[in-house]
> 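Next up is a structure, given as structure tokens.
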Amino acid sequence: MIIDRLGRQFKNLRVSLTSACNYACTYCVPDGKKLQPLSHELNGEELFHAVRLVVEGAGVNRLRITGGEPLLSKKFEEFLRGVMSLGLDDVGITTNGQLLPRYMPVIRETGLKRINISLDTLDASKFRSIARSGDLATVQKGIEMSLDAGMRVKINTVPVRSGNENQILPLLDYSLDRQIELRYIELMNMGHLKYSNLYAQEYIGMKEILSIIQEKYEIRPANAPVDSTSIRYEIPGRGFFGIIANESEPFCRTCSRLRISSNGDLYGCLSN
Ligand code: SAM
């Protein structure tokens, strides 16, 4: 078990399979530059070994596979099978969904129950201008296939002023119609945003998101696990949504997450 000096016990592990991505989202990387695979990334066997050590040593019982884009990695299939054999309480994937239709048979076969899919807009041309790659229809197909497979699907969206401000309600309706929990992620002040005034221009905070939603819906606070990253709300009769308010309401004090990067570094913070 790992307990840090603030008394936090780490139960969750996020594993980045690769830092490479098939998107180049405007808020994530500068100038259309895609993250490149690094030559010092661990191979699948090494990464799985690292995961086992952390799972056994720290008593982790929940694991999320992320990236970069995890489905882009050649390690994905074998790694997922390995992780699913560990008998953890919960395993999930966070993906941009672009390669989901291709990998759905493997994912179904492993019995994976939870998937978080990133989707910033329902407008196909805006999609291309934000992600600078990929296509909306394929992601939507991946969402439907995940639902058909009986998985618990969440959609992650990052509202930004110049890109998808007008998508706050359409994405909520799309998700509610499918009993999917949508999570709005406040734009994080990291990467290239940190050294520019773009961040302040693009940031849309929880208060504003809530007031846009309240123009249409009555909402009420909903329960969430104490170490949840998301502040959850219920729209009575329709469903739930959440806001990951990492900037306006940081959740560091209750965070229970460790992170392993694709080159095998272990972090006690998701933002490092
Ligand atoms: N490629 C996968 C995906 O798109 O879900 C997993 C990795 S991606 C880094 C995980 C999430 O982080 C995505 O929902 C993405 O939109 C979000 N993200 C990237 N840069 C961000 C930023 N500066 N602030 C907030 N969220 C960000």
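In each ligand, atom 1 is the first atom listed, and ligand 1 is the first ligand listed.
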> Which pairs count as side chain to side chain donor-acceptor pair (under 3.5 Å) when at least one residue sits in residues 50-63, sequence neighbours excluded?
Asn61-Asp89, Arg62-Asp90
> Taking side chain to side chain contact (heavy atoms under 4.5 Å, CB included) as the criterion, tell me which of Leu169, Ile204, Leu172 meets it with Ile212.
Leu169
> Please list all pairs passing the side chain to side chain donor-acceptor pair (under 3.5 Å) test where one or both residues lie in residues 144-154, with sequence neighbours left out.
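Those involving residues 144-154 are Glu144-Arg178.
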> List ligand 1's nitrogen or oxygen atoms that come under 3.5 Å of a protein nitrogen or oxygen, with the partner atom and distance.
unit_1   : atom_1 : unit_2 : atom_2 : d
ligand 1 : 1 (N)  : Gly68  : O      : 2.8
ligand 1 : 1 (N)  : Glu69  : OE1    : 3.0
ligand 1 : 4 (O)  : Ser118 : OG     : 3.3
ligand 1 : 5 (O)  : Thr95  : O      : 3.4
ligand 1 : 5 (O)  : Ser118 : OG     : 2.6
ligand 1 : 14 (O) : Ser118 : OG     : 2.8
ligand 1 : 16 (O) : Tyr27  : OH     : 2.7
ligand 1 : 23 (N) : Met188 : O      : 3.3
ligand 1 : 24 (N) : Met188 : N      : 2.7

> Donor-acceptor pair, distance only, cut-off 3.5 Å: does the side chain of Thr94 make one with the backbone of Asn116?
no
> Side-chain heavy atoms under 4.5 Å apart, restricted to Ile/Leu/Val/Met/Phe/Trp/Tyr: what other residues fall into the cluster of Val158, or is it alone?
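Direct or chained contacts put Val158 with Tyr27, Ile130, Val160, Ile185, Leu187, Leu193, Leu198, Tyr199, Tyr203, Ile244, Phe251.
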> Sub-3.5 Å donor-acceptor pair from the side chain of Glu181 to the main-chain atoms of Ile155, do we have one?
no
